[in-house]
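Read the numbers this way: they start at 1 and go in the same order the structure lists the ligands and their atoms. All values below were derived from every heavy atom in this structure, side-chain atoms included, with hydrogens, water molecules and symmetry-related copies excluded.
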Amino acid sequence: MKLLNLLALSVSALTVMGSGAMAQSGLEGMTIGFSQIGSESGWRAAETSVTRQQAEEWGVNLQFSDAQQRQENQIRAIRSFIAQDVDAILLAPVVATGWEEVLSEAKDAEIPVVLLDRGIEGPEDLYLTSVASDQVLEGRVAGEWLVDAVAGEDCRVVELQGTVGSSPAINRKQGFEEAIAGADNIEIVRSQTGDFTRAQGKQVMEGFLRAENGGADICALYAHNDDMAVGAIQAISEAGLTPGEDILVVSIDAVPDIFTAIAAGEANATVELTPNMAGPAFEALAAYLNDGVEPEKFIITESRLYTAEDDPEGEAERRRGLGY
Ligand code: AHR
């Protein structure tokens, strides 16, 4: 991703919270297609729920399509949106590659596409803007937390990666590796995908524990999302170890369940990803469709670190009702 090289608009992660149902203007009566990846994580469920809520506030007729983790379903949905001649398309791309043909079709049909929460590889003129976090930064924030937390002690890390080929899996890995590059005491000893799901996070962690002396040789878990961390925490407990103490846990998303785990001392840190990608997307579309205003190419959301010192019970509570 070239996010850091570009001018970016920072969007507060908590913008959606407590905003109430405020009517927005500029998109009333417009039809917008939303190709969502699926519902692999609590974060994704919240993003879907917030997008529906935002559509209501903006008076948008939202055509929702759940791809059940399959790129071919997303491509089919986009073609169907083009055939319906929708006013715009929101796309949360499951993987980073393979979008050029279908997005060229949308471009030829003069339908603006906004990427939500994940990036793609390919020409930037295939989409109007991308609303997402700086995923390299997210990994870096998680890695820097670990460097500080272990304070020079030797630390063997296991890593649960997100969906293979997805931009967050690629970038969060890169950012974490960058953060620990200067720390000779920290080493990633095992790294495998858990596909961003709780079930696979648990299953893969069970394998890591078996392979690493029942977990005695693991100092920390880095998970590319909270759901995999929550599954892994269960595996660690079932192996007779204390998550958060015997094995440090750092992950990304800031879902209510990870705050509950942090409050219980079973997880140590998370990096927030706001589920409100649709709000900035609708704002950009309203300005573009009504006044021809080109938005920034990358609208970047905040990546804030939370630990036990940040009122985890309160943070869990504040996120209830957002669809996690
Ligand atoms: O693209 C964002 C990632 O996708 C979230 O971190 C994860 O929970 C989701 O599945």
(message) I'd like to check whether N225 has a polar contact with ligand 1, where a contact means an N/O of the residue lying under 3.5 Å from an N/O of the ligand.
(response) yes
(request) May I ask you to identify, for L273, whether its side chain, its backbone, both or neither come under 4.0 Å of ligand 1 on a heavy-atom basis? (result) side chain
(request) Give the intermediate values and the outcome of side-chain hydrogen bond (donor to acceptor under 3.5 Å, both in side chains) for residues T48 and Q36. (result) CA-CA 8 Å; T48 295; Q36 177 59 294; 3.0 Å; yes
(request) Say whether H224 and E159, considering side chains only, have a donor N or O and an acceptor N or O under 3.5 Å apart. (result) yes
(message) Give the atom numbers and elements of ligand 1 that come within less than 4.0 Å of a heavy atom of S41.
(response) 7 (C), 8 (O), 9 (C), 10 (O)
(request) Could you tell me if any non-hydrogen atom of D117 lies under 4.0 Å from any atom of ligand 1? (result) yes
(message) Using the side chain to side chain contact (heavy atoms under 4.5 Å, CB included) definition, which of the options T260, N225, L273, D226 pairs with V255?
(response) D226
(message) Please check: side-chain N/O of K297 versus main-chain N/O of E124, any donor-acceptor pairing under 3.5 Å?
(response) yes
(message) Taking 4.0 angstrom as the limit and counting only heavy atoms of R118, give me the atoms of ligand 1 inside it, by number and element.
(response) 1 (O), 3 (C), 4 (O), 9 (C), 10 (O)
(message) Is it the case that ligand 1 has an N or O less than 3.5 angstrom from some N or O of R44?
(response) yes
(request) Please say whether W43 places an N or O atom under 3.5 Å from an N or O atom belonging to ligand 1. (result) no
(message) Quick check on R172 - does any of its heavy atoms sit under 4.0 Å from an atom of ligand 1?
(response) yes
(request) Go through ligand 1 atom by atom and flag the ones less than 4.0 Å from a non-hydrogen atom of P168. (result) 1 (O)
(message) Whether K173 and E177 form a salt bridge (side-chain N of Lys/Arg under 4.0 Å from carboxylate O of Asp/Glu) is what I want to check.
(response) yes
(request) To the nearest 0.5 Å, tell me how far Q63 CD sits from F81 CZ. (result) 7.0 Å
(request) Considering only non-hydrogen protein atoms, determine which one is nearest to atom 9 (C) of ligand 1 and report residue, atom name and distance to 0.1 Å. (result) E40 OE2, 3.3 Å
(message) Tell me the protein heavy atom at minimum distance from atom 5 (C) of ligand 1, and give that distance in Å.
(response) D253 OD1, 3.4 Å
(request) Mark yes when over 12 heavy atoms from residues, nucleotides or ligands other than R70 sit less than 6.0 Å from its CZ; otherwise mark no. (result) no
(request) Assess R304 against Y306: is NZ or CZ under 6.0 Å from the centre of the six-membered ring, and within 45 degrees of the ring's axis? (result) yes
